Amino acid sequence: MSGANGRCFACSEASPAWPGAYRSPAGLGVAAGVMLGVSGVVALLAVAVDIWRLVAGDDLLVAPDGTRDEPLDLLALFSSAVTGLFYVALVGTAVVFICWLRRVRANADLLVPNGHQHGAGWVIGAWITPFVQFWFPWRLVVDCWQASGPVDADGQRRPVSQSLVSLWWAAWLGSILVTRVQAMMERSGGVDSPGSALGVELVADGLRVVAAVLAVLVVRRLTAMQESRFALVARLPFQPPVPAGYGAPAGAVAVPAAAPVSAAAPAGAAAGAAAAPGAASVAAPDGAGQGSSDRS
């Protein structure tokens with residue numbers, strides 16, 4: 001089955017060499033999923049600490065005699081440990097996730113060479129560049145998502161809902177914005193009670209948990225879409241490389257060029273060859289033609 005341009009139905013708009021240049025993102029996808037899971041667990045621990053602190057209340061952190069209660073001292077120690085784990089997990093997850101995204105983007109460039117709004121260099125730069133970091137990463141993932149979508153029998157990509165990507169990005173962006181709001185509240189001193197800041201922090205940590213779960217789903221889904229596209233082509237019979245100028249109708253057979261006519265052949269022989277293609281031509285001796293003229 002072929003697409004409109006005579007190529008295989010799984011790569012009608014892709015680079016002709018994409019099956020050979022494709023690199024599986026499965027391994028990096030598993031690693032990214034594991035790291036995202038670790039980040040989600042740490043964020044869930046942070047939620048537990050926030051709830052614990054809200055229940056305990058900051059007015060109980062110091063006993064009437066000026067000493068700290070042992071359980072609350074343990075709470076402070078546990079809170080500091082969770083905060084440290086969060087930043088370690090965040091850095092590790094970011095490194096592995098970007099490595100996976102680079103692999104996915106390279107494959108998406110092969111599938112749809114001109115289907116991306118931003119260059120491949122933004123796979124790294126989008127996360128650390130001010131202002132654009134709020135939407136460039138989402139756009140990069142969406143472009144890869146759409147480029148890796150399934151194809152129909154004519155090689156045309158079917159529309160794929162990007163709601164999962166948008167939900168993931170909304171949760172992650174929300175956690176960043178809420179954290180900044182909490183920092184602004186603490187710096188300005190406009191917090192009525194310590195519990196208000198803790199409540200805002202609880203919302204931020206909860207959004208991080210949601211974002212981690214949704215990110216795992218995004219990684220798994222996008223990796224599976226690219227693996228399915230490659231598996232589809234791998235099951236097809238071997239097809240020799242398409243020469244330059246592909247686009248001939250499906251089933252067209254290339255006709256070899258006619259052999260050049262020797263300059264030493266008589267003009268009549270060349271005319272006979274042109275009049276009767278495929279017939280064997282035999283060069284007559286020089287005297288044969290003159291003898292025929294004399295008999296006539």
Side-chain angles (χ1 to χ4, degrees), residues 3-5 7 9-26 28-29 31-33 35-36 90 93-152 154-177 180 207 210-230 232-233 247:
N5 59 5
R7 298 167 63 195
F9 66 91
C11 51
S12 61
E13 65 178 343
S15 170
W18 88 264
Y22 173 83
R23 298 179 64 191
S24 173
L28 287 172
M35 291 304 301
L36 286 167
L90 180 64
T93 302
V95 171
V96 178
F97 184 86
I98 290 175
C99 289
W100 168 82
L101 186 56
R102 288 188 65 188
R103 177 71 57 84
V104 167
R105 171 57 190 263
N107 292 334
D109 280 336
L110 294 171
L111 292 170
V112 184
N114 299 317
H116 304 271
Q117 293 189 14
H118 307 300
W122 284 107
V123 170
I124 298 176
W127 301 90
I128 58 178
T129 304
F131 302 109
V132 302
Q133 63 185 350
F134 293 111
W135 75 90
F136 268 34
W138 169 82
R139 183 74 256 176
L140 289 167
V141 176
V142 166
D143 288 342
C144 294
W145 187 273
Q146 297 296 339
S148 306
V151 295
D152 57 23
D154 294 325
Q156 302 297 319
R157 281 181 293 121
R158 297 201 301 266
V160 182
S161 173
Q162 62 191 41
S163 58
L164 180 60
V165 181
S166 298
L167 287 174
W168 156 67
W169 189 246
W172 172 248
L173 194 61
S175 68
I176 295 175
L177 295 178
R180 294 190 178 185
L207 287 173
V210 175
V213 173
L214 293 174
V216 171
L217 298 178
V218 168
V219 169
R220 293 181 54 137
R221 177 77 184 279
L222 185 48
T223 300
M225 285 195 295
Q226 290 198 348
E227 291 286 85
S228 297
R229 287 285 295 273
F230 180 72
L232 191 62
V233 175

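The model shown is predicted, which means the values in this text are computed figures rather than measured ones.
Between the side chain of T93 and the backbone N or O of M35 there is at least one donor-acceptor pair closer than 3.5 Å. Formation of a donor-acceptor pair under 3.5 Å by the D143 side chain with backbone atoms of Q117 is found in this model. A donor-acceptor pair is defined here as one N or O able to donate and one able to accept, closer than 3.5 Å; such a pair exists between the side chain of W127 and the backbone of V123.
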Verdict with reasoning, W172 to L207, per side-chain contact (heavy atoms from CB on, under 4.5 Å): CA-CA 7 Å; W172 172 248; L207 287 173; over 6 Å; no
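Contact check for F97 versus V219: side-chain heavy atoms found under the 4.5 Å cut-off. Taking 4.5 Å as the limit, some side-chain heavy atom of V160 sits within range of a side-chain heavy atom of M225. Annotation: side chain of R139 is not in contact with side chain of H116 (no heavy-atom distance under 4.5 Å). Contact annotation: the side chain of N107 never approaches that of S148 to less than 4.5 Å [non-hydrogen atoms, C-beta and beyond]. Side-chain contact between V213 and V210 is absent, with no heavy-atom pair separated by less than 4.5 Å. When side chains are defined from C-beta on, E227 counts as touching S24, because their heavy atoms get closer than 4.5 Å. Side-chain atoms of W169 and L214, non-hydrogen and from C-beta on, never get closer than 4.5 Å to each other.
The minimum heavy-atom distance between P113 and L110, with the atom names listed, is CD-O, 4.0 Å. Shown here for Q162 and W138, the closest heavy-atom pair between the two residues is NE2-CZ2, 3.7 Å. Residues A26 and T223 come closest through the heavy atom pair CA-CG2, 3.8 Å. Shown here for Q226 and P25, the closest heavy-atom pair between the two residues is OE1-CG, 3.7 Å.
Rounded to the nearest 0.5 Å, atoms CZ (R102) and CG (L140) are 12.5 Å apart. Annotation: the span from I128 atom CD1 to W122 atom CH2 amounts to 9.0 Å, rounded to 0.5 Å. For the atom pair CZ of R103 and SG of C144, the computed distance is 13.0 Å after rounding to the nearest 0.5 Å. With rounding to the nearest 0.5 Å, the separation of CG in L173 from CH2 in W168 is 10.5 Å.
In this structure, F136 and H118 have parallel ring planes: the angle between them is below the 30° cut-off, well short of the 60° mark.
Tested against W100 for a side-chain contact (heavy atoms from CB on, under 4.5 Å), the candidates I98, V96, V104 yield a single pass: V104.
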